[in-house]
2 protein chains.
Amino acid sequence: MHSPELLKGSLQTIILKLLANNGRMYGYEITQKVKELSDGSLIVSEGALYPTLHKLESEGLLTTEKISMGKRVRKYYTLTSNGKANVVERVKDFEAFIETMFKVLQISPQL
Amino acid sequence: MHSPELLKGSLQTIILKLLANNGRMYGYEITQKVKELSDGSLIVSEGALYPTLHKLESEGLLTTEKISMGKRVRKYYTLTSNGKANVVERVKDFEAFIETMFKVLQISPQL
DNA sequence: TTCAATACATTGGAGTCTTATGTAAGACGG
DNA sequence: CCGTCTTACATAAGACTCCAATGTATTGAA
């Protein structure tokens with residue numbers, strides 16, 4: 001598990017891009033997908049996830065639908081059209097940030 | 001100017017690596033160097049810089065010396081041996097973070 | 001002589017994450 | 001059948017980091 005401070009500010013981007021890649025997802029599914037894709041090195045806590053999902057929803061980037069699974073109710077999140085446009089920007093911003101960091105740190109990307 | 005939230009958590013790494021690359025530097029010089037290397041896209045505010053420098057000093061990663069330039073006093077920061085070892089770790093952590101982010105976002109590095 | 005740049009620093013507040021806690025259903029072993 | 005783990009939602013208190021604003025003071029150029 002590397003320095004968790006670096007993750008700061010990237011959670012919204014992660015959530016939005018996962019929804020862009022996978023269509024509709026529910027909260028718990030997102031935490032598991034992040035863990036899986038990062039080989040366990042990145043854990044999204046629920047205390048960080050749910051407030052962020054609610055915030056993105058209130059900003060109109062996500063919509064929700066509740067789906068009953070037996071007695072349980074899952075809350076699925078989907079990108080709105082605003083959300084879809086926003087993801088593209090966020091990913092571009094992330095890439096620009098990386099590029100800038102490489103310049104400032106004066107290191108080269110290792111592939 | 002891209003999303004400033006992404007910078008969160010990277011400032012310490014930037015400061016330490018700049019000192020590793022350039023030897024002794026003073027605060028204002030660091031802000032200018034970051035601006036220069038990033039082509040103006042990354043601005044380190046003084047409200048962020050000085051508290052961070054003081055923190056790194058109190059953690060024993062930096063030492064200071066005051067140099068008089070006429071009537072003005074510049075405060076130069078230098079990496080301690082602990083600091084030098086720490087930079088290597090920080091840069092590795094940053095690279096690992098980038099790699100993880102590419103996996104999670106499922107995008108490829110653009111060179 | 002006034003303004004911009006240099007150079008240090010602190011304060012208040014916003015935003016983001018962590019840790020802890022709470023509720024409740026489903027699955028599975030003993 | 002009972003405890004425990006996993007699934008699944010959520011909130012609250014606190015820490016931490018950064019930004020914007022402000023303050024002081026020197027230097028140099030118009």
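These values consider heavy atoms only, across backbone and side chains, with no hydrogens, waters or symmetry-generated copies. Protein chains get the first letters and strands the later ones, always in sequence-line order, with residue 1 at the start of each.
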Original post:
Can you say whether the rings of B/His54 and B/Tyr77 are parallel (under 30°), tilted (30 to 60°) or perpendicular (over 60°)?
Top reply: tilted

Measure [atom1]/[X] against [atom2]/[N] and give the value in whole Å, please.
X: A/Met69; N: C/dA24; atom1: CE; atom2: C1'; value: 16 Å
X: A/Tyr76; N: D/dT7; atom1: OH; atom2: P; value: 14 Å
X: B/Lys66; N: D/dT26; atom1: NZ; atom2: C1'; value: 16 Å
X: A/Ile14; N: C/dC17; atom1: CD1; atom2: P; value: 9 Å
X: B/Leu49; N: D/dA20; atom1: CG; atom2: P; value: 15 Å
X: B/Ile30; N: C/dA9; atom1: CD1; atom2: P; value: 11 Å
X: A/Arg74; N: D/dA10; atom1: CZ; atom2: P; value: 14 Å
X: B/Lys55; N: D/dA15; atom1: NZ; atom2: C1'; value: 10 Å

Does a side-chain N or O from [X] land closer than 4.0 Å to OP1 or OP2 of [N], or not?
X: A/Tyr50; N: D/dC9; answer: yes
X: A/Ser45; N: C/dC17; answer: no
X: A/Tyr28; N: D/dT6; answer: no
X: B/His54; N: C/dC8; answer: no

**OP:** Please indicate whether B/Lys75 has more than 12 foreign heavy atoms, meaning atoms of other residues, nucleotides or ligands, lying under 6.0 Å from its NZ.
**Re:** yes

Original post:
Taking atom NZ of A/Lys103 as the centre, does the number of heavy atoms from other residues, nucleotides or ligands within less than 6.0 Å exceed 12?
Top reply: yes

Side chain of [X], heavy atoms from C-beta onward: which of [options] has the nearest atom to it?
X: A/Lys75; options: D/dC19, D/dA10, C/dA7; answer: D/dA10
X: A/Gln32; options: C/dT10, C/dA5, D/dT7; answer: D/dT7
X: B/Leu11; options: D/dC18, D/dT6, C/dT6; answer: D/dC18
X: A/Thr52; options: D/dC9, C/dA7, C/dC17; answer: C/dC17

**OP:** Confirm from the modelled atom types if B/Arg72 and D/dT27 form a donor-acceptor pair under 3.5 Å, side chain to base only.
**Re:** no

**OP:** Identify, between A/Val73 and A/Ala48, the residue whose nearest nucleotide on DNA chain D lies closer to the 5' end.
**Re:** A/Val73

Original post:
Where each residue is assigned the nucleotide of DNA chain C containing its nearest heavy atom, which of B/Glu46 and A/Lys71 is assigned the position nearer the 5′ end?
Top reply: B/Glu46

Original post:
Contact class for A/Gly27 (heavy atom, under 4.0 Å): base, sugar-phosphate, or nothing?
Top reply: sugar-phosphate

Original post:
Looking just at side-chain N and O atoms, do A/Glu57 and A/Thr64 make a donor-acceptor pair shorter than 3.5 Å?
Top reply: yes

Original post:
Hey, quick one: are B/Ile15 and A/Ile107 part of the same hydrophobic cluster, counting side-chain heavy atoms closer than 4.5 Å, chains of contacts allowed?
Top reply: yes

